[in-house]
Amino acid sequence: GAVVSQHPSWVICKSGTSVKIECRSLDFQATTMFWYRQFPKQSLMLMATSNEGSKATYEQGVEKDKFLINHASLTLSTLTVTSAHPEDSSFYICSANVRGNTGANVLTFGAGSRLTVL
Amino acid sequence: LAKTTQPISMDSYEGQEVNITCSHNNIATNDYITWYQQFPSQGPRFIIQGYKTKVTNEVASLFIPADRKSSTLSLPRVSLSDTAVYYCLVVNTDKLIFGTGTRLQVFP
């Protein structure tokens with residue numbers, strides 16, 4: 001089946017540094033990918049929609065200059081957390097749509113990346 | 001986007017059947033109902049998807065009444081490894097907005 005690979009699975013960085021998270025569709029092409037953030041004991045929150053070859057679409061309240069998204073190819077989207085601060089510590093998850101058995105789209109998720117900012 | 005409502009948490013014992021109901025009163029004609037399972041520190045995993053009536057696969061069944069304003073995920077004979085958060089979503093576009101989910105705790 002379709003696989004979305006996310007790297008790194010966990011990262012620790014100092015406050016003020018930038019961190020890049022990669023999301024790859026391994027055996028299919030994804031013109032659109034989605035980035036979510038999840039805090040402990042909470043649901044997933046959609047941050048942005050990543051579009052291949054064009055600018056990402058950010059959800060309300062998400063700072064586009066802080067969370068840089070690049071979707072340079074049909075199999076790779078990256079999320080860069082710039083000038084990270086402790087409040088950016090969270091679980092970041094990417095996903096891509098795959099056509100399901102019903103004909104409707106089914107989101108396939110990466111394993112997630114745990115970011116801890118010291 | 002149709003909003004979903006599900007119980008915050010449920011408890012069960014091993015070997016029991018668990019039914020988790022989700023309400024989606026404003027579901028649109030083209031919306032499909034999809035359920036995901038999430039373990040701690042992992043990405044959500046697709047369980048089952050349906051449009052109407054009943055859908056069954058190797059891990060679960062999905063029951064959808066005629067008015068489609070609700071759906072029930074049925075997990076037969078749960079085990080400890082089924083302890084997870086279960087999310088119900090309805091969507092006909094690409095973007096998925098997650099609700100609170102149901103935290104299922106299975107006890108021995």
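Letters go in sequence order (proteins before strands), and every chain restarts at 1.
Of the atoms belonging to Q42(A), it is backbone heavy atoms, and not side-chain ones, that fall under 4.5 Å from chain B. If you measure heavy-atom distances from T100(B) to chain A, the contacts under 4.5 Å come from the backbone alone. Only the side chain of F46(B) comes within contact range of chain A, with at least one heavy atom under 4.5 Å from a heavy atom of that chain. With a 4.5 angstrom heavy-atom cutoff, L44(A) touches chain B via backbone and side-chain atoms both. The part of R103(B) that comes within reach of chain A is its side chain, from C-beta onward, which places non-hydrogen atoms under 4.5 angstrom from that chain.
The distance between the ring centers of F98(B) and F109(A) falls below 6.0 angstrom.
Within the 3.5 Å criterion, the main-chain N or O of F34(A) finds no donor-acceptor partner in the side chain of S77(A).
No side-chain N or O of T82(A) forms a donor-acceptor pair with one of T80(A) less than 3.5 Å apart.
In the hydrophobic clustering of ILVMFWY residues, with side-chain heavy atoms under 4.5 Å counting as a link, L75(B) and V59(B) come out together.
The only option from Q38(B), Q37(B), Q6(B) that meets the side-chain hydrogen bond (donor to acceptor under 3.5 Å, both in side chains) definition with Y86(B) turns out to be Q37(B).
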